[in-house]
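What follows is a set of notes on a single structure, which appears directly below.
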Amino acid sequence: MAFDTTGSEQADGGRYTPISDHGLIGDLRTTALVATNGTIDWYCCPRFDAPSVFGSILDADRGGSFELAADVRTRTRQFYFPDTNVLITRFFAADGVAEIQDFMPVVDESREAARHRLIRRVICVRGTLPFRARIAPRFGYGTEPHTLHLEDHTAVFRSPSLALALTATAPLEADGPDVRSHFKLLEGESQVFALDRIGDDVPPRACPRAEAQEQAEATVRFWRHWLARSRYHGRWREMVNRSALVLKLLTYAPTGAIVAAPTTSLPEQIGGERNWDYRYVWVRDAAFCVYAMLRLGFTSEAEAFMGFISERGILRGTGETGPLQIMYGIDGRTDLPEYELPQLEGHLGSAPVRVGNAATGQLQLDIYGALIDSIYLYDKWGQPISSDRWDEVGAVVDWLCEHWDQPDEGVWETRAGRRNFVYSRLMCWVALERAMRMANRRGLPADLTRWRESRDAIYRQIMRRGWSADRGAFVQGLDDHVLDASLLMMPMAKFVSPTDPKWLSTLDALTADLVSDSLVYRYDPTASPDGLRGPEGTFSICSFWYVEALARAGRLEEARLAFEKMLTYANHLGLFAEEIGPTGEQLGNFPQAFTHLSLISAAFNLDRALG
């Protein structure tokens with residue numbers, strides 16, 4: 001029998017769990033968000049950019065969820081099994097204590113990898129506790145009806161585009177299109193729920209208690225073995241390790257792609273329209289991830305991303321805006337049309353919910369510097385650049401010599417038309433300067449005279465027209481007066497000395513205008529309209545850039561205090577979204593690669609400066 005599952009059954013009483021009250025699990029192909037109350041309210045299958053199966057974080061009524069919780073009044077606490085991405089949610093009640101262990105086994109074998117198994121182990125560790133479960137998938141972002149076939153301890157949900165099998169050691173019962181379960185655990189007892197993608201080549205398969213325990217132990221070993229490769233042993237090891245584990249979870253193993261975040265449309269302002277789909281490969285974000293991974297010693301992740309760039313001909317593009325597109329699909333596709341999902345109300349009513357991203361067609365010249373800098377660092381710390389890839393880099397740099405001096409949409413993807421952004425010029429300078437370094441160090445063929453002339457022309461233009469004597473600062477656009485936090489990258493990019501008087505004056509101006517406590521705004525939308533309504537929170541990558549800028553300027557006590565303050569804005573697991581709101585709440589897609597890679601960089605460089 002087919003059930004219409006596109007209606008409005010209540011999930012979690014119509015309430016939303018705050019963005020920060022979640023942990024992330026994954027299998028290097030997709031991820032799931034698990035709330036502190038034990039509910040999985042975001043899960044896309046079979047990969048990051050697939051339609052959601054559980055999406056109640058975007059619509060508590062229509063999104064679908066996998067609820068699992070103690071059936072009595074409890075307190076909950078959530079943490080990661082140390083040095084892993086195995087998430088544990090504990091329930092404390094008057095009569096007992098129990099926990100849910102949530103994880104997705106990381107499997108190399110193709111048939112089992114296609115299963116995308118999600119395992120939920122419920123274990124009573126003290127006393128006795130009753131539990132309840134409700135598995136309510138809503139396929140295709142809540143648009144596709146599905147059938148339910150329930151037999152013994154297996155429930156099969158089938159929609160036109162996807163089939164999932166739930167196997168459980170606990171009893172299951174149908175509830176319309178959904179499945180419920182009620183059970184009681186005594187101390188030492190456990191139940192297992194396993195959710196699999198199934199198909200002709202992947203049949204349903206049970207997950208007995210012994211196998212679930214074996215899979216949990218294997219998953220712990222995988223993550224600990226991976227993390228043991230980190231070279232960071234500094235003051236903030238726990239936070240840096242967690243950030244590295246997040247970045248690894250955002251990696252799509254089949255291609256080496258790195259997504260900006262695993263979610264779409266989590267709002268930058270509650271009730272606002274700044275809601276975007278980040279489940280794609282931004283050249284800038286992924287290139288910065290490569291830098292962070294190389295810093296920590298994870299060269300294989302950098303190599304995988306370089307393979308993504310090479311095998312999909314990214315540097316050989318011939319689009320309207322140049323060789324590079326600002327973002328790509330995790331399979332390298334270039335077409336990412338943006339559309340809205342009117343059937344979903346958005347997190348706390350923050351509409352619209354979007355899929356795809358219209359920024360794909362923008363010109364953002366800074367991406368050239370980000371990518372070529374990451375290639376330069378990989379050539380230096382990883383593997384020497386191949387002759388074919390150098391030819392591609394040379395062609396891109398030659399193109400940049402012809403096209404750097406033009407307006408673009410800029411690093412913040414504004415939707416108010418193109419402008420002459422200083423940060424875009426800065427990163428064009430980086431592209432040319434790093435390419436020249438590679439050519440000189442390796443003796444590679446290059447039109448160095450032309451490259452040098454373009455590099456120097458960019459430098460002089462920024463110094464002449466990107467500096468405002470009235471503001472005593474480098475500014476957002478040429479001949480402008482608006483400040484922009486992206487310019488915190490100037491000393492990190494080695495464009496200007498961190499103790500240059502002009503830079504120190506800029507740092508003071510940014511501190512006065514854009515810094516609130518340790519938090520940093522990108523820019524002032526009232527002074528620099530970006531084509532969107534409403535304000536936004538502080539941008540966490542800018543806050544960590546600010547820490548680095550202070551440290552490089554020798555203001556170590558300020559830098560350390562700002563860094564420690566930033567860590568207090570992390571959630572209970574050490575995870576960050578994109579932005580921080582007025583009262584310290586997490587805003588935007590979650591968790592955000594940008595934030596975590598900048599945390600790693602700030603910790604690494606501050607540690608080194610402190611000695």
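Just so it is clear, the structure is predicted and the values come from calculations on it, not from any experiment. The first residue of the sequence shown is numbered 1, and numbering continues consecutively from there.
- The closest side-chain donor-acceptor pair between N85 and R242 falls under 3.5 angstrom.
- Between V290 and M306, some side-chain heavy-atom pair lies under the 4.5 Å cut-off.
- Applying the side-chain contact (heavy atoms from CB on, under 4.5 Å) test to P384 and every residue at least two apart in sequence or in another chain returns D379, R442.
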Next item on the list: Apply the test side chain to side chain donor-acceptor pair (under 3.5 Å) to residues T39 and E67: give CA-CA distance (whole Å), side-chain angles for both, the deciding distance (0.1 Å), then the verdict.
Entry: CA-CA 4 Å; T39 296; E67 299 174 24; 5.2 Å; no
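- Across W276, W282, Y280, a single residue satisfies ring-ring contact (aromatic ring centres under 6.0 Å, His included) together with Y278, and that is W282.
- Judged as a ring pair (Phe, Tyr, Trp, His ring centres under 6.0 Å), and not counting sequence neighbours, the contacts of H596 are F576.
- A donor-acceptor contact under 3.5 angstrom links the side chains of E99 and Q101, judged on distance only.
- Under a 3.5 Å cut-off, the side chain of R434 and the backbone N or O of G369 do not form any donor-acceptor pair.
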Check: Could you walk me through whether D408 and S424 pass the side chain to side chain donor-acceptor pair (under 3.5 Å) check?
Finding: CA-CA 8 Å; D408 69 346; S424 298; 2.7 Å; yes
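- A salt bridge links R284 and D366; the closest N-O separation between the charged side-chain nitrogens and carboxylate oxygens is under 4.0 Å.
- Under the 4.0 Å criterion applied to side-chain N and carboxylate O atoms, R560 and D607 are not assigned as salt-bridge partners.
- When atom types are taken as modelled, the side chain of T76 and the backbone of T36 share a donor-acceptor pair closer than 3.5 angstrom.
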Next item on the list: For the pair D41 and H22, evaluate side chain to side chain donor-acceptor pair (under 3.5 Å) and give the outcome as yes or no after the intermediate values.
Entry: CA-CA 9 Å; D41 57 14; H22 290 87; 2.9 Å; yes
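- For the ring pair (Phe, Tyr, Trp, His ring centres under 6.0 Å) condition, the pairs that include at least one residue of residues 230-255, sequence neighbours left out, are W236-F563.
- Annotation for E217: atom CD counts as buried by contact number, over 12 foreign heavy atoms lying within 6.0 Å.
- A salt bridge links D331 to R47: one of the charged nitrogens lies within less than 4.0 Å of a carboxylate oxygen.
- There is a side-chain donor-acceptor pair under 3.5 Å between Q78 and T89.
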Next item on the list: Before giving the answer on side chain to side chain contact (heavy atoms under 4.5 Å, CB included), spell out for L575 and F590 the whole-Å C-alpha distance, their side-chain angles and the decisive distance to 0.1 Å.
Entry: CA-CA 8 Å; L575 306 184; F590 174 88; 3.7 Å; yes
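- For D508 and R555, the salt-bridge test passes: some basic side-chain N is under 4.0 Å from an acidic carboxylate O.
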Next item on the list: List the steps and the verdict of side chain to side chain donor-acceptor pair (under 3.5 Å) for E579 and S540.
Entry: CA-CA 5 Å; E579 301 183 12; S540 292; over 6 Å; no
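- Between R229 and E301, at least one side-chain nitrogen of the basic residue sits less than 4.0 Å from a carboxylate oxygen of the acidic one, meeting the salt-bridge criterion.
- Side-chain atoms of E585 and S20 include no donor-acceptor pair closer than 3.5 Å.
- With F48 as the aromatic partner, R29 does not meet the cation-pi criteria of under 6.0 angstrom to the ring centre and within 45 degrees of the ring axis.
- To the nearest 0.5 Å, the span separating OG1 on T251 from CZ on F298 amounts to 10.5 Å.
- Between the side chains of R437 and Y376, at least one donor N or O lies within less than 3.5 Å of an accepting N or O.
- When atom types are taken as modelled, the side chain of T360 and the backbone of N357 share a donor-acceptor pair closer than 3.5 angstrom.
- A cation-pi arrangement is absent between R120 and F193, since the terminal nitrogen or guanidinium carbon is not both under 6.0 Å from the aromatic centre and inside a 45° cone about the axis.
- Less than 6.0 angstrom separates the ring centroid of W429 from the ring centroid of F495.
- Of the possible polar contacts, none joining the D59 side chain to the G346 backbone as a donor-acceptor pair under 3.5 Å is found.
- Here the straight-line distance linking atom CG of L245 with atom NZ of K248 works out to 10.5 Å at 0.5 Å rounding.
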Check: So R115 and D27, salt bridge (charged side-chain N to carboxylate O under 4.0 Å, His left out) or not? Walk me through it.
Finding: CA-CA 10 Å; R115 189 178 293 279; D27 65 353; over 6 Å; no
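- Counted by atom type alone, Y43 and T31 present zero donor-acceptor pairs between their side chains at under 3.5 Å.
- Counting only heavy atoms from C-beta outward, the side chains of N241 and D83 approach each other to under 4.5 Å.
- Annotation: side chain of Y569 is in contact with side chain of D517 (closest heavy-atom distance under 4.5 Å).
- In this structure, Y291 and W381 have tilted ring planes: the angle between them lies in the 30° to 60° band.
- Donor-acceptor pairing under 3.5 Å is recorded for the side chains of T263 and N589.
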Margin query: As a quick check of understanding, evaluate ring pair (Phe, Tyr, Trp, His ring centres under 6.0 Å) for Y423 and W412, giving each step before the final call.
Written below: CA-CA 10 Å; Y423 181 78; W412 305 132; 7.3 Å; no
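- The main-chain N or O of L58 is never found under 3.5 Å from a side-chain atom of H347 such that the two would form a donor-acceptor pair.
- Residues V281 and A257 come closest through the heavy atom pair CG2-CB, 3.4 Å.
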